[in-house]
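First up is the structure itself, then whatever we jot down about it.
Labels below follow one simple rule: chain letters A, B, ... track the order of the sequence lines, proteins then strands, and each chain is numbered from 1.
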Amino acid sequence: MKVSPISGFPEYLPAERIVEQHFLDVIRETFELHGFPSIETRAVEPVDRLLGKGGDSDKEIYAVSRLAAEESPGDAELGLHFDLTVPFARYVLENAGHLTFPFRRHQIQKVWRGERPQEGRYREFTQADIDVVDVGDLAPHFEAEVPLVMAEVFRRLPIGRMLIQVSNRKIPEGFYLGLGIQDVVGTLRVVDKLDKIGPGKVGDLLVDAGLRREQADQCLALAAIRSEDLSFVDRVRTLGVEHPTLDEGLEALAAVIQAGLDNAPGSMVADLRIARGLDYYTGTIYETQLVGHETWGSFCSGGRYDSLASDGRTTYPGVGISIGVSRLLGLLLGKGLLTASRSTPACILVAVNDEGGRARSTKVATALRARAIACEVAPRPAKFGKQIRYAERRGIPFVWFPPIGETGDQVKDIRTGRQVDAEVGSWTPPPEDLRPQIVRAKEADAT
RNA sequence: GUGGGUGUAGCUCAGCUGGUAGAGCGCCGCGUUGUGGUCGCGGAUGUCGCGGGUUCGAGUCCCGUCACUCACCCCA
């Protein structure tokens, strides 16, 4: 049977997978460091839950069915989840009695969307989410905490500077209402196109949508405000628009930005241009760009929703943020910005003198492994030149030679050619060689 | 989902208006009778994405299809 790739379902080679696993390890460790336990939800949800109450089904959902299934109208139709928020909301409702609130969790899983793939955009991809959910009310300080966790993740990953752009839905909402604009959502949607079509065209579109020219200009002026400190508040005030919702939004955003300044300076910016397409966000919203690669879009986004879940009696507000792990890796690996120092976890290749000596080599390997040094025994007792090349082609830095003739155990660093007597019980590689390293390519840009 | 671009050796690519497939790097062997990388000599690279069509003849033209990619859409 012929094999061929399936569009949008990427697979990595071992060296790339090493980079991915490093990312996943860092993400998980950081989430846990901040006290977010892990959960995993099933891959499928009932299709009607995925579609939501509104029925706006532009989400390309993969349906799941058994090939042998008969026509049985009773069965619920299942679909693969397209994010981790919808399944999480269901999980909270289902397990509310067993959870303690405010409940925080992290979740790192594959999700599926049937959209047309591009670089950094796939049909099967991994997201890493954290959310905090509470019963009835959610304290606003969580809106500041959640991006700080992500800032820490980015600080620990071997990538350039990530900048989390933060805004609050209430700011444009209150501002528009204060201006007398009725269609808040429609206006937001047009303003959201600023990046793509520029202020001139956005202004025209707003006028086409029924705004007066000065209203449109005010909207553009608001969207242009961006500051890494709290100065955005005064700049909004200068525009002279007043509305209680605007005040709430400014206060909330100021609190988030202040927390960023206190705990992770340089990682956040108040940016009143971002709006987020998703309409369930009701407060703080986040997007994240890699500095110098803004055209790659957002790698991490989320926000506050007043009703993540509701069972009719109780409402669960939440705040969450999600890293697009596959997008990040797809771009960084695809552009050659990241590689692994070797394509195997093995730090040492234990050479084999002859088949009769394999047992001796295996004992060496066992002793090294007992001290947590990853190693592999040579597949064939080939000439040593061949065995060295076997290691070289995989990036394994050391070759261990068992005793032969007069000489005892020796280990060779094949990068320097230096070969020394060694003792299985004590010889230790330099710490940087113990595990594969993630190597960042130098970037030519001077940003 | 809509519309464009691309698809030749492991990699980067060349191949004129259709005439039986090339380079560099890498790979393998030997020089080097247990120690790779340098050097020298030699060797193999391949259903020219896949299928069909036109033609005496298709890598080259046409159609379809798959994959990658770009824009839209949407978003991670």
Original post:
Which pairs with one or both residues in residues 347-366 of chain A pass salt bridge (charged side-chain N to carboxylate O under 4.0 Å, His left out), sequence neighbours excluded?
Top reply: Glu355(A)-Arg358(A), Arg360(A)-Asp409(A)
Polar pairs (N or O, both sides) under 3.5 Å between protein and nucleotides 34-41 of chain B?
| residue | atom | partner | partner atom | Å |
| --- | --- | --- | --- | --- |
| G34(B) | O6 | Asn353(A) | O | 2.3 |
| G34(B) | N1 | Asn353(A) | O | 2.4 |
| G34(B) | N2 | Pro381(A) | O | 2.7 |
| G34(B) | N2 | Ala382(A) | O | 2.6 |
| G34(B) | N2 | Lys383(A) | N | 3.4 |
| U35(B) | O2 | Lys412(A) | NZ | 3.1 |
| U35(B) | O2 | Gln419(A) | OE1 | 3.3 |
| U35(B) | N3 | Gln419(A) | OE1 | 2.9 |
| U35(B) | N3 | Gln419(A) | NE2 | 3.4 |
| U35(B) | O4 | Gln419(A) | NE2 | 3.0 |
| G36(B) | O4' | Gly385(A) | O | 3.4 |
| G36(B) | O6 | Ile414(A) | O | 3.4 |
| G36(B) | N1 | Ile414(A) | O | 2.3 |
| G36(B) | N2 | Glu392(A) | OE2 | 3.0 |
| G36(B) | N2 | Ile414(A) | O | 3.0 |
| G37(B) | N2 | Ile414(A) | O | 3.3 |
| G37(B) | N2 | Arg415(A) | O | 2.8 |

Subject >> Pairwise P distance for G19(B) and U60(B), with rounding to whole Å >> reply: 11 Å
Subject >> C1' gap between A23(B) and G1(B), integer Å >> reply: 42 Å
Original post:
How far does the P atom of U54(B) sit from the matching atom of C73(B), given to the nearest Å?
Top reply: 43 Å
Only pairs under 3.5 Å count here: list side-chain donor-acceptor contacts from residues 419-427 of chain A, not counting sequence neighbours, and write none if there are none.
| residue | atom | partner | partner atom | Å |
| --- | --- | --- | --- | --- |
| Gln419(A) | NE2 | Gln410(A) | OE1 | 2.8 |
| Asp421(A) | OD1 | Gln410(A) | NE2 | 2.9 |

Original post:
If we call it a pair only when both distances are under 3.5 Å in a Watson-Crick or G-U wobble match, what pairs with U60(B)?
Top reply: none
Original post:
With rounding to whole Å, what would you report as the distance between C25(B) and U45(B) at their C1' atoms?
Top reply: 13 Å
Original post:
More than 12 heavy atoms of other residues, nucleotides or ligands under 6.0 Å from CZ of Arg189(A): is that the case?
Top reply: no
Original post:
Between Ser7(A) and C68(B), does any side-chain N or O lie under 4.0 Å from OP1 or OP2?
Top reply: yes
Subject >> Letter per nucleotide, 5' to 3', of nucleotides 3-13 of chain B [B base touched, S only sugar-phosphate touched, - untouched; heavy atoms, 4.0 Å] >> reply: B----------
Original post:
In chain order, what residues pass the side-chain contact (heavy atoms from CB on, under 4.5 Å) check against Glu248(A), with sequence neighbours excluded?
Top reply: Lys170(A)
Below 3.5 Å, can you tabulate the donor-acceptor pairs from side chains in residues 22-38 of chain A to any protein atom, sequence neighbours excluded?
| residue | atom | partner | partner atom | Å |
| --- | --- | --- | --- | --- |
| Arg28(A) | NE | Glu32(A) | OE2 | 3.0 |
| Thr30(A) | OG1 | Val26(A) | O | 2.7 |

**OP:** Find the partner of G22(B): check Watson-Crick (N1-N3 plus N6-O4 or O6-N4) and G-U wobble (N1-O2, O6-N3) distances, both under 3.5 Å, and reply none if neither fits.
**Re:** C13(B)
**OP:** Kindly say whether Val325(A) contributes a backbone atom to a donor-acceptor pair with the side chain of Thr126(A) at under 3.5 angstrom?
**Re:** no
Subject >> Between Ser298(A) and Glu287(A): side-chain donor-acceptor atoms closer than 3.5 Å >> reply: no
Distances under 3.5 Å between nitrogen or oxygen atoms of protein and nucleotides 43-45 of chain B:
none

Subject >> Separation of A71(B) C1' from Arg121(A) CZ (nearest whole Å) >> reply: 11 Å
Original post:
How far, in whole Å, is A14(B) from C50(B) if one measures between their C1' atoms?
Top reply: 23 Å
Original post:
Quick one: Ile323(A) CD1 to A76(B) C1', roughly how many Å, whole number?
Top reply: 10 Å
Original post:
Can the positive tip of Arg304(A) be found less than 6.0 Å from the middle of the six-membered ring of Tyr286(A), inside 45° of the ring normal?
Top reply: no
Original post:
A71(B) P sits how many Å from Glu119(A) CD, rounded?
Top reply: 10 Å
Original post:
G1(B) pairs with which nucleotide, Watson-Crick or G-U wobble, both distances below 3.5 Å?
Top reply: C72(B)
**OP:** Quickly work out the Ile164(A) CD1 to A76(B) C1' distance and round it to whole Å.
**Re:** 14 Å
Subject >> Residue-phosphate contact under 4.0 Å: Ser298(A) side-chain N/O, A76(B) OP1/OP2 >> reply: no
**OP:** Please name all residues satisfying ring pair (Phe, Tyr, Trp, His ring centres under 6.0 Å) with Phe154(A), sequence neighbours left out, ordered by chain then number.
**Re:** none
Subject >> Residue matched to G36(B) through Watson-Crick or wobble contacts both under 3.5 angstrom >> reply: none
**OP:** State the pairing partner of G46(B); accept Watson-Crick or G-U wobble contacts with both distances under 3.5 Å, and report none otherwise.
**Re:** none
Original post:
Judged by modelled atom types alone, do Gln107(A) and Arg105(A) share a side-chain donor-acceptor pair under 3.5 Å?
Top reply: yes
Original post:
Ring of Phe299(A) versus six-membered ring of A76(B): centres under 5.5 Å and planes under 30°?
Top reply: no
Subject >> Any Lys110(A) side-chain nitrogen or oxygen under 4.0 Å from OP1 or OP2 of A76(B) >> reply: no
Original post:
What integer number of Å spans the C1' atoms of U8(B) and A58(B)?
Top reply: 14 Å
**OP:** Any strand is fair game: report the nucleotide pairing with A67(B) by Watson-Crick or G-U wobble, both distances under 3.5 Å, or none.
**Re:** U6(B)
Original post:
Would you call the rings of Phe299(A) and Trp296(A) parallel, tilted or perpendicular, where under 30° means parallel and over 60° means perpendicular?
Top reply: perpendicular
**OP:** Name the nucleic acid region contacted by Gly297(A), choosing base, sugar-phosphate or nothing; use a 4.0 angstrom heavy-atom cut-off, strictly under.
**Re:** nothing
Original post:
Which residue pairs pass the salt bridge (charged side-chain N to carboxylate O under 4.0 Å, His left out) test with at least one member in residues 316-338 of chain A, sequence neighbours excluded?
Top reply: Glu119(A)-Lys335(A)
**OP:** Starting from P on C73(B), measure out to CZ on Phe82(A) and report it in whole angstrom.
**Re:** 20 Å
Subject >> Rounded distance in Å between the P positions of A44(B) and G53(B) >> reply: 34 Å
Original post:
Is a side-chain donor or acceptor of Thr407(A) paired with a backbone partner of Ile404(A) at a separation under 3.5 angstrom?
Top reply: yes
**OP:** Output every pair passing ring pair (Phe, Tyr, Trp, His ring centres under 6.0 Å) with a member in residues 347-390 of chain A, not counting sequence neighbours, ordered by first then second residue.
**Re:** Phe384(A)-Phe401(A)
Subject >> Out of G1(B), A67(B), C28(B), whichever nucleotide has its closest atom nearest the side chain of Ile6(A) >> reply: A67(B)
Subject >> Atom-to-atom span, NZ of Lys193(A) to C1' of A71(B) - whole angstrom >> reply: 13 Å
Subject >> Nearest-neighbour nucleotide for the Gln118(A) side chain, G1(B), A71(B), A67(B) considered >> reply: A71(B)
Original post:
Atom CD1 of Ile285(A) to atom C1' of C75(B): distance rounded to whole Å?
Top reply: 14 Å
**OP:** Write out all pairs satisfying ring pair (Phe, Tyr, Trp, His ring centres under 6.0 Å) with one or both partners inside residues 349-379 of chain A, taking only residues at least two apart or from two chains.
**Re:** none
**OP:** To the nearest Å, give me how far apart CE (Met150(A)) and P (A76(B)) are.
**Re:** 12 Å
Original post:
Which ones in residues 24-47 of chain A lie close to RNA chain B, meaning a heavy atom under 4.0 Å from one of its atoms?
Top reply: none
Subject >> Under 3.5 Å donor-acceptor, Arg342(A) side chain and Arg394(A) backbone >> reply: no
